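Encoded as structure tokens, the structure appears first; notes follow it.
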Amino acid sequence: MVDLKDALGGKEFVLLYASAHWCGPCRSFTPQLTKWYNQAKKNSNVEVVFLSADHDENSFTQYFQSMPWLAVPYEDDAREELMAHIKVKGIPRLVVLDGRTGRIIVDNAVGQPLDPTQWRTLLKK
């Protein structure tokens with residue numbers, strides 16, 4: 001298990017991904033995000049962190065096996081605290097944070113271009 005502070009330290013962008021195994025739109029979006037992530041990791045200083053909205057740990061574990069990024073453990077209180085912080089009311093939800101400050105750059109990037117160059121422009125505002 002990797003400490004999130006160590007894993008995320010120095011990242012330009014951190015994407016918090018709220019999703020669940022039982023959610024059809026999530027299961028459609030996850031492969032798209034996976035493809036983007038595998039390409040982005042080669043050229044960008046980004047990390048995705050999975051915040052499970054599953055109903056039990058077994059579902060979380062099963063779903064997370066299909067993901068190449070990090071996750072907050074299912075039983076960790078930080079998972080629900082982060083979901084509350086980014087105001088998850090529906091899933092899938094992908095929030096882009098400034099990796100240095102934690103400020104929300106994009107409130108929900110699902111359905112939008114995943115473009116670190118655009119996010120850098122938003123950082124300057």
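Keep in mind that this is a model prediction, so the values were computed, not measured.
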Residues in side chain to side chain contact (heavy atoms under 4.5 Å, CB included) with Ser28, at least two apart?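 Once residues adjacent in sequence are excluded, Ser28 has no partner under the side chain to side chain contact (heavy atoms under 4.5 Å, CB included) criterion.
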Side chain to side chain contact (heavy atoms under 4.5 Å, CB included) involving Thr34 - partner list, sequence neighbours excluded: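 Partners of Thr34 by the side chain to side chain contact (heavy atoms under 4.5 Å, CB included) criterion, ordered by chain and then number, come out as Thr30, Asn38, Pro68, Trp69.
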For Tyr74 and Phe64, I'd like to know if the aromatic rings sit close, meaning centre-to-centre distance below 6.0 Å.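 For Tyr74 and Phe64, the ring centres are not under 6.0 Å apart.
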Name all pairs fulfilling the side-chain hydrogen bond (donor to acceptor under 3.5 Å, both in side chains) condition that reach into residues 82-91, sequence neighbours left out, sorted by first residue then second.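 Qualifying pairs, neighbours excluded: none.
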Test side chain to side chain contact (heavy atoms under 4.5 Å, CB included) applied to Val96 and Ile104, step by step: CA-CA 6 Å; Val96 180; Ile104 294 174; over 6 Å; no
For the residue pair [X] and [Y], what are the closest heavy atoms and their distance?
{"X": "Pro92", "Y": "Val110", "result": "O-CG2, 3.7 Å"}
{"X": "Asn45", "Y": "Gly10", "result": "ND2-O, 2.7 Å"}
{"X": "Gly99", "Y": "Val14", "result": "CA-CG2, 4.1 Å"}
{"X": "Ile91", "Y": "Ala18", "result": "CG2-O, 3.6 Å"}
{"X": "His55", "Y": "Trp22", "result": "NE2-NE1, 3.4 Å"}

Calculate, to the nearest 0.5 Å, the distance between atoms CG and CG belonging to Leu94 and Leu15 respectively.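 One finds 4.5 Å between CG of Leu94 and CG of Leu15.
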Spacing of Phe13 atom CZ and Arg100 atom CZ [to the nearest 0.5 Å]: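 So the CZ of Phe13 and the CZ of Arg100 are separated by 7.0 Å.
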Which residues pass the side-chain hydrogen bond (donor to acceptor under 3.5 Å, both in side chains) test with [X], sequence neighbours left out?
{"X": "Ser59", "result": "Asp56"}
{"X": "Ser19", "result": "Tyr17, Tyr63"}
{"X": "Asp54", "result": "Ser52"}
{"X": "Asp107", "result": "Arg93"}

Check residues 111-118 and write down every donor-acceptor pair under 3.5 Å in which the side-chain atom is one partner and the other belongs to a residue at least two apart or another chain.
residue	atom	partner	partner atom	Å
Gln112	NE2	Asn108	O	2.9
Asp115	OD1	Thr117	N	3.0
Asp115	OD1	Gln118	N	3.4

Would a 4.5 Å heavy-atom cut-off, applied to side chains only, mark Ile105 and Val95 as touching?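 With C-beta onward as the side chain, the pair stays apart.
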According to salt bridge (charged side-chain N to carboxylate O under 4.0 Å, His left out), does anything in residues 69-80 pair up with another residue at least two apart or in another chain? List the pairs.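 Listed once each, the pairs would be none.
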Begin from the C-alpha positions of Leu97 and Leu16 and carry the test side chain to side chain contact (heavy atoms under 4.5 Å, CB included) through to its verdict. CA-CA 8 Å; Leu97 304 176; Leu16 299 180; 3.6 Å; yes
Residues that Arg120 engages under salt bridge (Lys or Arg N to Asp or Glu O under 4.0 Å), provided they are two or more places apart: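 Per chain and number, Arg120 pairs via salt bridge (Lys or Arg N to Asp or Glu O under 4.0 Å) with Glu12.
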According to salt bridge (Lys or Arg N to Asp or Glu O under 4.0 Å), who are the partners of Lys41, at least two apart in sequence or on a separate chain?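 With sequence neighbours excluded, Lys41 shows a salt bridge (Lys or Arg N to Asp or Glu O under 4.0 Å) to Glu47, given in chain and number order.
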For side chain to side chain contact (heavy atoms under 4.5 Å, CB included), just list the numbers for Leu123 and Asp98, CA-CA rounded to whole Å, side-chain angles, deciding distance to a tenth of an Å, and then say yes or no. CA-CA 7 Å; Leu123 278 175; Asp98 178 335; 3.0 Å; yes
